[in-house]
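Here's the structure we're looking at; comments come further down.
Note that ligands are numbered from 1 as they come in the structure, with each ligand's atoms numbered from 1 the same way. Remember, it's a predicted structure, so these values are computed and weren't measured experimentally.
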Amino acid sequence: MKPIQIKEVILHTIKMKLKTPFTTSFGTMSEKHVCLVEVIDESGLSGWGETVTSDEPYYNEETTFTATYILREFLIPKVMHQTIQHPADVHDMLTFVRRHNIAKAALETAIWDVFAKKNNQSLAQLIGGKNTAIEVGKSIGIQRSPQELVEKVGEYVEEGFKKIKVKIAPGYDLDYLEAVRSRFPSIPLMADANSAYTLKDVAHLKDMDKFDLMMIEQPLAHDDIIDHAVLQKEMATPICLDESIHSLEDARKALSLGSCRIINIKIGRVGGLGESIRIHDLCQENGIPVWCGGMLETGIGRAHNVAMTALSNFTIPGDTAPSSHYWDEDIIVPEVVMEKGLIAVPIGLGIGFEVDREKVEERLIKSERISTVENWHPIP
Ligand code: OSB
Ligand code: MG
């Protein structure tokens with residue numbers, strides 16, 4: 001395969017307004033800044049990635065602005081003008097920076113995109129993804145009442161989504177799940193707690209076993225895999241980890257402790273597509289199914305998610321709803337669309353969607369062009 005060399009990187013910071021505010025156990029989001037990373041190689045091809053951060057450090061420690069800073073000061077200077085033989089190598093080039101995984105993934109995914117284009121392949125093809133269409137689920141934020149949640153679920157079931165995920169938190173759980181289950185006795189249903197519980201709640205969480213959930217996602221602390229192993233032994237419902245898994249090593253330890261039976265893979269959270277693929281493979285070898293999590297991405301991050309989900313162990317529908325569920329207008333053409341609960345894996349080069357530069361301009365807050373390695377931080 002042809003290697004690439006990065007000649008220039010443009011950081012486009014944009015502001016995106018969500019169609020409807022999204023509420024989780026850590027708050028409500030109605031708009032977000034996104035830093036789009038455009039990597040330009042020596043032949044003039046562009047590859048795109050995005051920071052899947054929010055504006056506040058509530059899901060993890062990063063924000064859009066910390067990610068942009070780390071990209072500009074440390075990550076971009078490290079890869080600039082280097083010959084990159086394969087994007088799977090980029091993760092290790094970036095480990096000199098501790099954590100900041102979302103920042104790393106924004107750059108690394110842009111490199112995957114440009115590398116695929118350079119080598120005349122779609123991203124899915126480059127990573128060995130065989131699925132031609134992916135199954136899609138819908139993640140629903142916390143609603144004001146169980147009745148409102150039931151209505152939302154009804155709408156999405158009607159629309160064809162193959163899995164319904166409901167956000168829960170203390171006070172917004174048993175009666176909400178009860179209402180959904182009694183109205184829809186057999187839909188594929190799961191709950192995501194975003195770390196809202198502790199081991200003091202074991203009896204309460206065990207009560208949820210009666211709802212026949214596909215899984216409960218991240219019930220306990222964001223940095224825990226020990227208590228989750230204790231809880232999994234008590235609960236019949238499979239535990240799925242999200243926040244706790246940042247790397248292949250975390251996944252290996254969680255599997256060996258029995259902390260979960262399913263893993264949600266988010267490219268941003270684990271620092272890139274390379275690490276995501278390694279976690280996918282490890283889970284496959286161990287009979288652990290995976291699915292693609294969502295971070296309210298623009299079309300760019302969504303396109304990377306769709307390509308990754310073409311890998312064969314993504315056997316559970318992901319949080320990869322179509323563009324129209326998040327934005328009045330997305331920033332890619334065509335937008336990501338769903339038909340009968342499926343999204344077609346694009347066959348065009350790289351991510352397979354064009355970035356609509358006019359739409360990026362309209363939403364632009366700031367743009368920075370980086371082409372030299374003028375940096376006051378010594379890069380190891
Ligand atoms: O925990 O999966 C999560 C959104 C932001 C931060 C964390 C999460 C989520 C979602 C949204 O559940 C999924 C989506 O993009 O639709
Ligand atoms: Mg989650």
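Using a 4.5 Å cut-off on side-chain heavy atoms (C-beta onward), F22 and T28 make no contact.
For the pair Q5 (side chain) and H81 (backbone), a donor-acceptor distance under 3.5 Å is present. In this structure, N305 contributes its side chain and T320 its backbone to no donor-acceptor pair below 3.5 Å.
Among protein heavy atoms, the minimum distance from atom 13 (C) of ligand 1 is reached at G294 O, 3.5 Å. With respect to atom 16 (O) of ligand 1, the closest heavy atom belonging to the protein is Y326 OH, 2.6 Å. The nearest heavy-atom contact from the protein to atom 11 (C) of ligand 1 is F22 CZ, 3.6 Å. Given atom 1 (O) of ligand 1, the protein heavy atom at minimum distance is N194 ND2, 2.8 Å. Shortest contact from atom 6 (C) of ligand 1 to any protein heavy atom: M295 SD, 3.7 Å.
For the Mg ion (ligand 2), protein N, O or S atoms closer than 2.8 Å were enumerated as D192 OD2, E217 OE2, D242 OD2, with waters left out.
Interface of K167 with ligand 1, defined as ligand atoms under 4.0 Å from a residue heavy atom, comprises 1 (O), 2 (O), 3 (C), 8 (C), 9 (C), 10 (C), 12 (O). Close approach of ligand 1 to D192 (heavy-atom distance below 4.0 Å) involves ligand atoms 1 (O), 2 (O), 3 (C).
Contact analysis puts K165 in contact with ligand 1, with a non-hydrogen atom separation below 4.0 angstrom.
With sequence neighbours excluded, no residue forms a ring-ring contact (aromatic ring centres under 6.0 Å, His included) with H91. For E151, the side chain to side chain donor-acceptor pair (under 3.5 Å) test picks out no residue, with sequence neighbours left out.
With a 4.0 Å cut-off on non-hydrogen atoms, D242 touches ligand 1 through its side chain and not its backbone.
Figure legend: cation-pi geometry between K138 and Y326, with NZ or CZ positioned under 6.0 Å from the six-membered ring centre and within 45° of its axis. Annotation: cation-pi pair K78/F96 present, NZ/CZ under 6.0 Å from the ring centroid and within 45° of its normal.
Among the atoms of N264, none of the N or O lies under 3.5 angstrom from an N or O of ligand 1. Residue-to-ligand polar distances keep Y59 apart from ligand 1: every N/O pair is separated by 3.5 Å or more. Inclusion of L296 in the set of residues having an N or O under 3.5 Å from an N or O of ligand 1 is warranted.
In the hydrophobic clustering of this structure, Y172 groups with F211; members are Ile, Leu, Val, Met, Phe, Trp, Tyr whose side-chain heavy atoms approach within less than 4.5 Å, directly or through other members. Tracing side-chain contacts under 4.5 Å through hydrophobic residues (I, L, V, M, F, W, Y), one reaches L199 starting from I226; they form part of the same cluster.
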Table please: side-chain donor-acceptor pairs of residues 279-292 below 3.5 Å, with sequence neighbours left out.
residue: H280; atom: NE2; partner: N313; partner atom: N; Å: 2.9
residue: Q284; atom: NE2; partner: S312; partner atom: OG; Å: 3.1
residue: N286; atom: ND2; partner: L282; partner atom: O; Å: 2.8

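Contact detail for N131 and T309: the closest heavy-atom pair is ND2-O, 3.2 Å.
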Checklist line | Residues D113, V39; criterion side-chain contact (heavy atoms from CB on, under 4.5 Å); working and verdict | finding: CA-CA 9 Å; D113 182 28; V39 157; over 6 Å; no
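Summarising the contacts of atom 3 (C) of ligand 1 with E217, K266, H325, the nearest heavy atom is found in K266.
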